Number of protein chains: 2
Amino acid sequence: MAEFTFKQQANTSLREKVTHDLREAILNGHLLPGARIKEMEIAEQMGVSRGPIREAIRQLEREGLLLSYPYKETVVADLDADEVQNILMPIRFHIEWFVVKRYLDKLDDGFFGKQQAIIDEMKAAVANGAKSRLVDLDILFHQSILEMASERTVMLTWQSIVNQIRLHFSKNLPFYNLDHMEKDHQELLDAFKTKDLVLIQQAILKHLDSDDNLLCFAK
Amino acid sequence: MAEFTFKQQANTSLREKVTHDLREAILNGHLLPGARIKEMEIAEQMGVSRGPIREAIRQLEREGLLLSYPYKETVVADLDADEVQNILMPIRFHIEWFVVKRYLDKLDDGFFGKQQAIIDEMKAAVANGAKSRLVDLDILFHQSILEMASERTVMLTWQSIVNQIRLHFSKNLPFYNLDHMEKDHQELLDAFKTKDLVLIQQAILKHLDSDDNLLCFAK
DNA sequence: GCTTTGTATTTTGTCAACAATTTGCGATTC
DNA sequence: GAATCGCAAATTGTTGACAAAATACAAAGC
C-alpha cells in the first residue's frame, strides 16, 4: 500500500482568487456584456485593494472577457457568435487533433472511463434540464483530452479561448438542441476507442460541424 | 482632397510602455529563456514602481513569453519549435484564411501596394543580411492581412500567438534559408491578386508547408 | 559527514495614499 | 438657445511602505 502523504497546499494568491471570482461572475451572467467594471466598486465588494483587481483585469482582458480602454474604463466584452464558430471552435478542433494524434498511446482505459463518466453525467443533466452543468461538462470533456498532453502551448492556447467558448455557449444555450449532446460526445469517444487516426479525424470534424449546425442563427 | 486632421495622441500608460520594453527585451534576446525576472530590479532600471511591472508580467504571461510561479518567481519562457510549427503556425494560417475569405472585397490596389512594398523591402533585407528586419517584415506582411478585418477575436488570437512566433523565428533564424522568403511571399501575394479562393487557399497551405520545410530540425 | 532546525535575507504579494485623466454639469457668452 | 468654458467629482494610473512567503545559509544535533 502506498504511504500516506499530505496533499499539496493550494497556495493561491489573492490575485488568482479575484481573477477566478470575476471570471465566474461574467460566465454566470451576473456581469453582462457592456457592463462597466469599476475597480473600486469590486475591490470594496471583495474586501481587497485595487492592486489584485487590476492584475485580474489584465488577465481577463487577454482571455477575451474584458475590454480595457486606458484611462477610461473597462467593460465586459461582447462575443460575436460567428467569430466563436469560425475562429475559436476550429482552433479547439485543431489543438485537440494535435494532442490525440501525438498522444494516441495515452488513450487507455483510465482515460476512456473518465470520458464515459462525463458523458453519463451529460445524459443525467439533459434529463434534469441542468443546462449550465451541461456547458461545464462539454468543456470538461474537451479539456480532459488536452490535459493528456500537458504541453504548455496547448494549455496556453486552450486557456485563451476556453472562457470565450464557455461564455458563448452559456449565452446561446436556449438556441441549442441539447438532446444531441450526449450522442455527439459518445460518437467522439467511440472513435477514440478505435485508435484509428482516420476515424478519429472524421469524428472530430463531424463534431465540429454538428456544433455548427445546432446554432439556429448560423450564417 | 482629404481634410487635414491631427493624429490621435498616443496616451499610452506606463504599464503599456513597460510591457512593450520588456517584450522587446525578450524578443531581442537580451533576456534569454530561463532568465529570472525580478520585479524590483526591472522597476529600478526603468525608474518606475513595481505596480506597472506586475501588470506587464500578467500580460506577457498570457502572450506566452513569461512563466509565473506564484510567490516564487517569473522566468522567461522557452519555446518548443515543434509546438510553434504544429500549433501556432496552423492557427495563424487558419485566421488568415478566415479573414481573406470574408474580406475578399477589401483586397484592393491599396492593399496590394502595401504588401508589395513589404516584399520589396524583404528583397533588400536579404541582400543586406538584415536578418532581424526580415523577421519583422514577415510578421508585418501577415499582420497587415489580419488588420483588414479589424475583428476583435481575430486580433486577440493574433496577439496571443504573434510574439511566440516572432521569438521562435528570431531564435531559429540561423537554421532558415532566407533566400526563399521573398519568393514565398510573392507567390502568396500573386494568389491574393487573382481573388480566386481556391488558388488562395492552395497558396496559404503551400506557404505553411514551406515554412515547415525550411526548419532544418523539423521532426 | 549528513540531516535537520532556526534565522537572516531576498523576493513576491498586498495595501492605502497620492497623482493624472476623464467625465458630468452648471455658468457664461454670443 | 446652442456652444464654450471652467470647475468639481469620479475613476484610473502610479507610488512607496508594509506583510507574507520563499530561499540561502549557518548552527546544532546525530
Side-chain angles (χ1 to χ4, degrees), chain A residues 3-23 25-26 30-77, chain B residues 3 5-23 25-26 30-63 65-77:
Chain A
E3 199 184 335
F4 171 82
T5 53
F6 283 103
K7 270 189 230 158
Q8 189 89 13
Q9 286 280 0
N11 198 8
T12 51
S13 58
L14 204 42
R15 169 188 93 230
E16 290 173 294
K17 285 183 236 165
V18 168
T19 306
H20 175 267
D21 288 1
L22 198 46
R23 185 194 288 125
I26 296 169
H30 298 123
L31 295 173
L32 293 172
R36 185 166 178 187
I37 301 291
K38 291 181 191 172
E39 295 173 4
M40 202 53 199
E41 194 176 292
I42 291 174
E44 272 174 9
Q45 286 177 21
M46 290 190 179
V48 302
S49 75
R50 282 170 53 222
I53 306 281
R54 286 176 64 81
E55 293 188 45
I57 289 174
R58 293 291 87 71
Q59 177 152 348
L60 295 176
E61 205 182 339
R62 287 273 140 187
E63 286 180 17
L65 297 182
L66 293 179
L67 287 171
S68 190
Y69 305 97
Y71 289 105
K72 294 202 172 165
E73 54 178 7
T74 100
V75 297
V76 178
Chain B
E3 201 185 335
T5 53
F6 284 104
K7 270 188 231 160
Q8 189 89 14
Q9 287 278 359
N11 196 7
T12 50
S13 57
L14 202 44
R15 169 213 339 147
E16 289 174 293
K17 284 183 238 165
V18 168
T19 307
H20 175 267
D21 287 0
L22 196 47
R23 185 194 289 124
I26 296 169
H30 297 125
L31 295 173
L32 294 172
R36 185 168 178 186
I37 301 290
K38 291 182 190 173
E39 295 172 5
M40 203 54 200
E41 193 177 295
I42 291 174
E44 271 173 12
Q45 286 177 20
M46 291 190 179
V48 301
S49 73
R50 282 171 52 222
I53 306 281
R54 287 176 63 81
E55 293 189 46
I57 289 175
R58 292 291 87 71
Q59 178 152 347
L60 296 175
E61 204 183 340
R62 287 274 139 186
E63 286 181 17
L65 297 182
L66 292 179
L67 287 171
S68 190
Y69 305 96
Y71 290 106
K72 294 203 174 166
E73 55 178 9
T74 101
V75 297
V76 177

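What you are looking at is a predicted structure, and each value in this text was computed from that prediction instead of being measured. Below, chain A is the first sequence line, B the second, and so on; all start at residue 1.
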Colleague: Round to a whole Å and report the spacing from CD of Gln59(B) to C1' of dG13(D).
Modeller: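 My rounded result for the distance is 15 Å.
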Colleague: Below 4.0 angstrom from OP1 or OP2 of dG13(D), is there any side-chain N or O of Arg15(B)?
Modeller: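 For dG13(D), OP1/OP2 do have a side-chain N/O of Arg15(B) under 4.0 Å.
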Colleague: Determine whether Leu22(A) and Leu65(A) make a side-chain contact, defined as any pair of heavy atoms from C-beta on separated by less than 4.5 Å.
Modeller: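 Counting from C-beta outward, Leu22(A) and Leu65(A) never come under 4.5 Å.
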Colleague: Rounded to whole angstroms, how far apart are CE on Met40(A) and P on dT12(D)?
Modeller: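 To the nearest whole Å, that distance equals 11 Å.
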Colleague: Taking any heavy-atom pair under 4.0 Å as a contact, classify Gly51(B): base, sugar-phosphate, or nothing.
Modeller: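 Base, at least one base heavy atom under 4.0 Å.
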Colleague: Between Glu39(B) and Val48(A), who's closer to the 5' end of DNA chain C by nearest nucleotide?
Modeller: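 Nearest-nucleotide comparison on DNA chain C picks Glu39(B).
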Colleague: Between atom CD in Glu55(B) and atom C1' in dT14(C), what is the gap in whole Å?
Modeller: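 Answer to the nearest Å: 13 Å.
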Colleague: Can you check the Arg54(A) CZ to dG13(C) C1' distance for me, whole Å?
Modeller: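 Distance check: Arg54(A) CZ to dG13(C) C1' gives 16 Å.
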Colleague: Would you mind reading off the distance between Lys17(A) atom NZ and dG13(C) atom C1', rounded to a whole angstrom?
Modeller: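 Going from NZ in Lys17(A) over to C1' in dG13(C) covers 12 Å.
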Colleague: Let me know the distance between CG of Leu67(A) and C1' of dT12(D), rounded to the nearest Å.
Modeller: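 Whole-Å distance recorded here is 17 Å.
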Colleague: By nearest nucleotide on DNA chain C, pick out whichever of Pro70(A) and Gly47(A) is the more 5' one.
Modeller: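 Checking each residue's closest nucleotide, the 5'-ward one belongs to Gly47(A).
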Colleague: Given atom OH of Tyr71(A) and atom C1' of dA20(C), what is their separation to the nearest angstrom?
Modeller: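 Between C1' of dA20(C) and OH of Tyr71(A): 7 Å.
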Colleague: Charged N to carboxylate O below 4.0 Å: is that the case for Glu61(A) and Arg58(A)?
Modeller: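 Yes, Glu61(A) and Arg58(A) are salt-bridged.
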Colleague: With heavy-atom distances below 4.5 Å as the criterion, would you say the side chains of Thr12(B) and His20(B) are in contact?
Modeller: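 Result no, sub-4.5 Å side-chain heavy-atom pair not found.
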Colleague: Could you tell me if the side chain of Val76(B) sits less than 4.5 Å from the side chain of Leu32(B), heavy atoms only?
Modeller: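 Not touching, per the 4.5 Å side-chain cut-off.
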Colleague: Compare the minimum distances between each of dT11(C), dA16(C), dG13(C) and the side chain of Ser49(A), then state the nucleotide with the smallest one.
Modeller: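 From the listed options, dA16(C) comes nearest.
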Colleague: Does one side chain, of Glu16(A) or Thr19(A), offer a donor that lies under 3.5 Å from an acceptor on the other?
Modeller: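 No - no donor-acceptor pair under 3.5 Å links their side chains.
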Colleague: Could you state the CD-C1' distance from Glu44(B) to dG16(D), rounded to the nearest angstrom?
Modeller: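 In whole Å, dG16(D) C1' and Glu44(B) CD are 13 Å from each other.
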Colleague: Counting heavy atoms from C-beta on, name the nucleotide in dT15(D), dA21(D), dC15(C) closest to the side chain of Leu14(B).
Modeller: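 Looking only at side-chain atoms, Leu14(B) lies closest to dT15(D).
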Colleague: Arg50(A) near the nucleic acid: base, sugar-phosphate alone, or nothing, with a heavy-atom cut-off under 4.0 Å?
Modeller: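 Here Arg50(A) touches the bases of the nucleic acid.
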Colleague: For Ile37(B), which contact category applies under a 4.0 Å heavy-atom criterion: base, sugar-phosphate, or nothing?
Modeller: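 If one applies the 4.0 Å heavy-atom cut-off, Ile37(B) turns out to touch the sugar-phosphate alone, with no base involved.
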Colleague: For dT22(C), does either OP1 or OP2 sit under 4.0 Å from a side-chain N or O belonging to Lys72(A)?
Modeller: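 Indeed not, no polar side-chain atom of Lys72(A) lies that close.
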